[in-house]
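Both counts, for ligands and for their atoms, begin at 1 and track the order of listing. Nothing fancy with the numbering, it's 1 onward along the sequence. From a predicted model like this one, the values you see are computed outputs, not experimental measurements.
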Amino acid sequence: MKKLLFAVLCIGGFLSSCATISKDSEPTAAIELNRIDAHTYSNTNEIHTIHLHLDLDVNFENHTIYGVARHEMNPHTCDTAVFDIKGLAINRVTLGKGKEKATEYIIGENNELLGQSLAVKIAENTKYINIYYQTTENTEALDWLKPSLTAGKKYPYMYTQGQAILTRSWIPLQDTPMNRISYSADVKVPAELMAIMSASNPKKKSENGKYHFEMRQRIPAYLIALAVGDMEYTSLGENCGVYSEPKLVEACVYEFSDLPKMIAAAESIYGEYRWDQYDLVILPYSFPFGGMENPRLTFANPTIIAGDRSMTSVVAHELAHSWSGNLVTNATWNDFWLNEGFTVYFENRIMEKLYGKESADILALIEFQDLEAELVRMKESDHPEDSQLKLQLDERAPDDGMTDIAYIKGAFFLRTLEAAVGREKFDTFLKGYFDAHAFKTITTEDFITYLNKELLEPKSVAFNTNEWIYETGLPENCVTLTSDRLDKMKALSNRVNEGENIFTGSFANSQRGDFTSQEWQTFIRGLDQSIPNEMMNKIDAQFKFSTEGNPALKSDWFYLAIKSGNKKLRPEAAAYLNKIGRRWYIESIYQACKDSEDPDDLAWGKTVFAEAQKNYHFVSKSTIEDILYE
Ligand code: BES
Ligand code: ZN
């Protein structure tokens, strides 16, 4: 009863005119969503964390993190501070530092997408709020891996994935990119393991499993990250290196040897790298992304160790986020293209600087092929409006915005702007943009104002910015690219499509190594879905797409196998789906099973998933579940 009273009296203090999340007026606090960011309950407009200190005990025996989140708040005049939680058990909440005093709190109704609000009763002078909590088996950010899923197969592993709104499932905090905080942490892990975070990191294992971390620059909540496992650090140059399991060190050193050059290239384009250190950590295969730009420490999937440096653009991408995304951050998930579109553009500039225009154009062209396919799909989907750069995801998962629109349409918008004003002026503008908004968050509307004021108006350039941002599809003035090398591969796939046996004459002895992965990708994507099994098997016997080399090609190859009704490659496809949890690589294969006219494909997909899902992070597992069972 006491709590109910608190809910009514205190929460009422910041009830405003926006939508209420709880459907009924039961005795839970009807916390309203933040007015600008619809994916948080927090009242950051009234009171916000400025520094967070974490005390964490990572327990591998019961897969639980026992934690205290110590929030230092800004000066305020509030009686309530609202935090986001999801699948967390809150044990108690206290106020003060040194001498703590318990306070009342109330947990709101659970929303499947957003989790719950945690409203804490405070006083006008409250500076410190301490939340004692533990994670549960419903903690979606965490992936606990048994030893068999690691490279070394000897020690367990755990890592977190925060973006977009999963940090609230392992730390109670104001989970909105609108607010930036510094953080520090004291973390205890089993002594045989090492802990690293998106912060200052150890270079060696400690003797007692205790680690201290500092992230002094202010970052949004989705960039707080932790990985714990058997790993070692290998320096790759001044201020950069890689954390990996000992077994992978040699492969990493080869694959990422250009890292110092990449950092230098990035700095030469948009100015100083502001995070002191840039390291990678190679996680187990279940990591649901190719890379995640956690500051100072990019998290990466081992699929980027292709053995031939063909996936290093992922590193360029995550490094580029050190400017676009981490330094200048999308204010809400509706503005996600400001993070990813800028990053894909910048990634390509880094690749161009290092490897020349031809190979950078090839990368961009492949992305453009993806975009074209995505635009066709989207037009026929339930959400054709998702092809606008500015999104409207208010009652949907922020994840729905992770499409080629934000990434590739976003990047082509910037390329087209660059073409309109010239590279030199555009670079000066972008460098100024990063400086002016460093350590700030920005909405699409702020960006448009800045663009008009700093670039288009002074240079008297007319540009269809609103069409690019607020309309669906691709504007006609989008720049185009060509590549002779890719055209040749398309011609080769056309020959196959016309029924020609390409393994005669000059092509008879060609090898996988004669072409780059991007060229092969264009070849595979150019093949008709009606390709006869016999031809596909012949190609596979010669070039070994199903068993060797670049995993992106395997994804495209297994996708084609399902589309063309080729059952022979099923064992290889199943092995691949069991090993790799990178979402973009596996979802198209499961989607092909779902879309197939042959019901046996869906049955096969479900059987594979039943086994393979044990090896996936929640992010991939839930996506595939939706595909197969929706
Ligand atoms: N920040 C993203 C990953 C992400 C986006 C996670 C949205 C959760 C929600 C990361 O930078 C990314 O884009 N990764 C890509 C890399 C690719 C575009 C080079 C990936 O994982 O494939
Ligand atoms: Zn990205």
* Is K594 salt-bridged to E630, going by a charged N under 4.0 Å from an acidic O? ->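 Not counted as a salt bridge, because no side-chain N and carboxylate O are separated by less than 4.0 Å.
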- Query: Do R415 and E418 sit within salt-bridge range, that is, some charged N less than 4.0 Å from a carboxylate O?
  - Reply: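 Not counted as a salt bridge, because no side-chain N and carboxylate O are separated by less than 4.0 Å.
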Worksheet item: Going by heavy atoms, is R583 under 4.0 Å from ligand 1?
Response: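 No, R583 has no heavy atoms under 4.0 Å from ligand 1.
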With a cutoff of 4.0 Å, is Y222 in contact with ligand 1, counting heavy atoms of the residue only?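 No; Y222 lies far enough from ligand 1 that no heavy-atom distance drops under 4.0 Å.
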Does any N or O atom in [X] lie less than 3.5 angstrom from one in ligand 1, N or O only?
X	value
A164	no
D399	no
S313	no

**Request:** For the residue pair F609 and Y629, categorise the inter-ring angle as parallel (less than 30°), tilted (30 to 60°) or perpendicular (more than 60°).
**Result:**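 Taking Y629 first and then F609, their aromatic rings sit tilted (interplane angle of 30° to 60°).
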Q: Measure the acute angle between the ring planes of W337 and F342, then classify it against the limits of 30° and 60° as parallel, tilted or perpendicular.
A: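 It falls in the tilted class, 30° to 60°.
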- Item | Within the 6.0 Å centroid threshold, strictly below: Y433 and F447 |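 Yes: the rings meet the under 6.0 Å criterion.
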Y159 ring center within less than 6.0 Å of F287 ring center:
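Distance test on ring centres: under 6.0 Å, yes.
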For K579, is the NZ atom crowded, meaning more than 12 foreign heavy atoms sit under 6.0 Å from it?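 No, the 6.0 Å shell around NZ holds no more than 12 heavy atoms from other groups.
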Closest to atom 13 (O) of ligand 1 among Y407, W584, F289, F299 (heavy-atom distance):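 Nearest option to atom 13 (O) of ligand 1, by heavy atoms: Y407.
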If you take the nearest heavy atom of each of E318, M292, E340, which one is closest to atom 15 (C) of ligand 1?
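Selected option, by shortest heavy-atom distance: E318.
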Q) Taking the six-membered ring of Y254 as reference, does the NZ or CZ atom of R309 fall below 6.0 Å from its centre and within a 45° cone about the axis? A)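 Yes, R309 and Y254 form such a contact.
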Write the atom name of the N, O or S atom in E340 that is nearest the Zn ion (ligand 2).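 Of all N, O or S atoms belonging to E340, OE1 is the one nearest the Zn ion (ligand 2).
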For ligand 1, which atoms have a heavy atom of [X] less than 4.0 angstrom away?
X	result
H321	11 (O)
Q161	6 (C), 8 (C)
F336	5 (C), 7 (C)
E293	1 (N), 2 (C), 10 (C), 11 (O)

Got the closest protein heavy atom to [atom], with its distance?
atom	value
atom 21 (O) of ligand 1	G290 N, 2.6 Å
atom 5 (C) of ligand 1	Q163 OE1, 3.4 Å
atom 14 (N) of ligand 1	G291 O, 3.2 Å

* Asked: Any side-chain donor paired with an acceptor under 3.5 Å for Q161 and D143?
  ->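 Per modelled atom types, Q161 and D143 side chains form no pair under 3.5 Å.
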- Message: Keeping N550 on the side-chain end and A306 on the backbone end, is there a donor-acceptor pair under 3.5 Å?
- Response: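 Not confirmed, N550 side chain does not pair with A306 backbone.
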